[in-house]
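Can you keep this structure in mind? I'll have questions shortly.
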There are 2 protein chains.
Amino acid sequence: MIRTHLSVVSVDDSCFECPVSSKGVCLRYGASLRDAVSKYSVDAIIKKGSALAYAGDRANALFIIKKGEIKAIRSLRDGRQQIVGFARPGDIIGNPQGQDSFDCTFEALTDSVLCKTRTKDLHKLSSDHPEYNSAFMDAVSNEILRRGDQNVLLGRKRAEERLASFITERAIDVQHDNSFVKLDVINLPMTRLDIADYLGLTIETVSRVLTIFKNRNLIKIVNKSRIEILDHDSLAALACEEESRHFNTRIFL
Amino acid sequence: MIRTHLSVVSVDDSCFECPVSSKGVCLRYGASLRDAVSKYSVDAIIKKGSALAYAGDRANALFIIKKGEIKAIRSLRDGRQQIVGFARPGDIIGNPQGQDSFDCTFEALTDSVLCKTRTKDLHKLSSDHPEYNSAFMDAVSNEILRRGDQNVLLGRKRAEERLASFITERAIDVQHDNSFVKLDVINLPMTRLDIADYLGLTIETVSRVLTIFKNRNLIKIVNKSRIEILDHDSLAALACEEESRHFNTRIFL
DNA sequence: CGTCTCCTTGACGAGGATCAAGACCAGTGG
DNA sequence: CCACTGGTCTTGATCCTCGTCAAGGAGACG
């Protein structure tokens with residue numbers, strides 16, 4: 001994992017052309033706030049495998065992912081690590097109020113593009129636009145619930161249930177109107193180790209359980225980073241999750 | 001667990017006499033907001049063992065705990081349950097923006113007193129007082145971090161480490177100025193089963209590990225609901241947590 | 001074709017769950 | 001005062017899921 005400075009590619013990119021302007025927090029911006037965000041934000045590019053920030057780093061910006069996927073890692077001193085989540089387009093990295101430091105290490109799983117807003121500009125945005133903070137309240141309370149769900153998964157589910165939950169969650173594509181579609185093919189840009197670190201398992205268990213699912217014809221393993229879901233219902237039953245419980249965008253601090 | 005209606009004991013209680021007015025979100029209220037909150041809030045009492053709300057219940061109020069302790073439970077359909085946290089004085093139950101339903105079942109571990117504000121009054125508070133929402137931003141981002149820590153605990157720590165984390169966390173008393181003191185005696189108003197459900201263990205494992213700690217002279221078990229810490233350092237080492245990482249108030253949705 | 005990384009599979013063992021029994025304790029009633 | 005009762009906690013014996021260790025397979029890339 002090599003730290004790279006982010007490349008800033010464009011300083012006048014507009015929200016109107018942004019692929020995530022209709023998702024998550026951006027969706028909730030009013031017209032004038034959107035103009036202001038457009039003015040203050042720049043695109044940043046980060047290469048696959050390099051770190052956006054390390055846990056404890058001074059946080060001088062807020063990022064919204066436009067493209068790619070980034071993992072959020074928390075580590076214990078002896079090397080054990082827990083992946084807190086995978087950030088995807090529309091998801092936020094950073095605190096809209098401007099926190100002092102990052103809580104996680106963020107590493108790009110794929111080449112990614114981020115919308116970057118500097119902390120000092122955040123203060124201006126929130127004081128000029130009263131709806132700015134409340135636009136984030138949805139995201140933060142959503143994230144609290146999601147981490148509660150992850151607590152349940154890590155505390156009370158067995159390996160097969162964890163993998164089933166992971167797969168079904170990635171297969172849900174939430175639409176702008178909060179309806180959703182179930183995808184048949186999902187991409188896994190992360191390694192098996194990343195999945196294991198996310199689910200509180202080992203790489204061997206992840207591999208084994210995927211093989212079990214394959215043998216039961218629940219999934220088809222297209223290749224290392226892509227699986228096809230053959231039996232949504234059985235997986236959903238294994239995941240033992242409420243129907244209806246779908247999350248859209250996440251926020252990482 | 002019997003549902004009881006809350007008893008409202010006083011409608012004109014002032015924040016100025018409130019035991020938690022100097023904690024958490026209340027601490028951040030300005031004078032005029034504090035007056036307004038005083039006007040809209042009432043005290044509510046809930047008896048040990050009864051439920052404040054069940055997961056999925058319509059949320060028509062926000063609560064701040066003044067006295068007592070309340071557990072927040074999430075359940076799987078087959079009866080397994082995960083306690084997401086224990087809410088204590090200064091902690092919040094509910095969403096300042098007014099959510100539609102509660103995510104957890106809340107049950108009082110002791111007779112408790114709560115400051116209750118109705119959802120419809122929340123809207124008024126937040127529109128009249130721009131600082132109202134931002135006062136909660138600290139709490140929600142704090143809660144996100146805390147649940148991330150709990151993910152690490154549940155995903156990557158072994159039983160002894162989990163218990164050590166639990167004990168050391170409860171032994172930290174955060175002061176108003178964010179300094180803290182380490183308590184030598186801690187109360188455990190919850191049962192061993194509650195502790196197990198919080199830590200992703202079974203009741204037997206909790207009991208065994210406490211006995212191990214006792215035999216190593218790390219703790220003294222005064223009685224079922226009270227333990228004395230004899231060796232803070234060893235427990236802290238077992239917990240493998242960053243020094244410095246202390247949370248004050250929590251929020252549950 | 002060799003090397004590197006990642007993934008899969010097998011054998012084995014350990015940590016914690018499960019099952020079962022008994023201890024402790026508060027409350028209740030004789 | 002003691003016996004009884006029900007709930008909670010502790011302790012022991014056994015089992016099983018998943019972690020650990022080890023080896024081999026499959027791609028990617030030079």
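Small disclaimer: the values here were computed from a predicted structure and weren't measured. Quick note on labels: first sequence line is chain A, next is B, and so on, each numbered from 1.
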Rounded to whole Å, how long is the line connecting atom NZ of Lys157(A) with atom P of dG16(C)?
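Atom-to-atom, Lys157(A) to dG16(C), this comes out as 22 Å.
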Between the side chains of Arg74(B) and Asp149(A), is the shortest nitrogen-to-carboxylate-oxygen separation below 4.0 Å, so that they form an ion pair?
yes
Distance, rounded to the nearest Å, where Arg226(A) contributes CZ and dA26(D) contributes P
21 Å
Please identify which of these residues, Glu160(A), Gln150(A), Arg170(A), Lys157(A), meets the side chain to side chain donor-acceptor pair (under 3.5 Å) condition with Ser165(A).
Lys157(A)
SB check Lys214(A) Glu228(A) (cutoff 4.0 Å):
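Answer for the salt bridge query: no.
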Can a donor-acceptor pair be found between the side chains of Asn151(B) and Gln82(A) at a distance below 3.5 Å?
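Absent: no donor and acceptor within the cut-off.
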When you check every protein heavy atom under 4.0 Å of nucleotides 3-13 of chain C, what one-letter string (B, S, -) results, 5' to 3'?
---BSBBBB--
Nearest-Å distance for atom pair CG/C1', residues Asn223(A) and dG25(D):
16 Å
Spacing of Arg158(A) atom CZ relative to dG16(C) atom C1', expressed in whole Å:
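Nearest whole value for this atom pair: 12 Å.
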Are Lys23(A) and Thr249(A) close enough that a side-chain donor and a side-chain acceptor fall under 3.5 Å?
no
Glu161(B) CD to dG15(C) C1': how many Å, rounded?
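So the two atoms are 12 Å apart, to the nearest Å.
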Spacing between Leu163(A) atom CG and dT17(D) atom P, to the nearest angstrom
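In whole Å, dT17(D) P lies 16 Å from Leu163(A) CG.
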Figure out the CG/C1' separation between Asp197(B) and dA17(C), and round it to whole Å.
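Interatomic distance, CG of Asp197(B) to C1' of dA17(C): 14 Å.
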Using whole Å, report how far CG of Leu199(B) lies from P of dA17(C).
11 Å
Could you tell me the separation between the CG atom of Asn142(B) and the CZ atom of Arg146(B), rounded to the nearest 0.5 Å?
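One gets 6.5 Å once the value is rounded to the nearest 0.5 Å.
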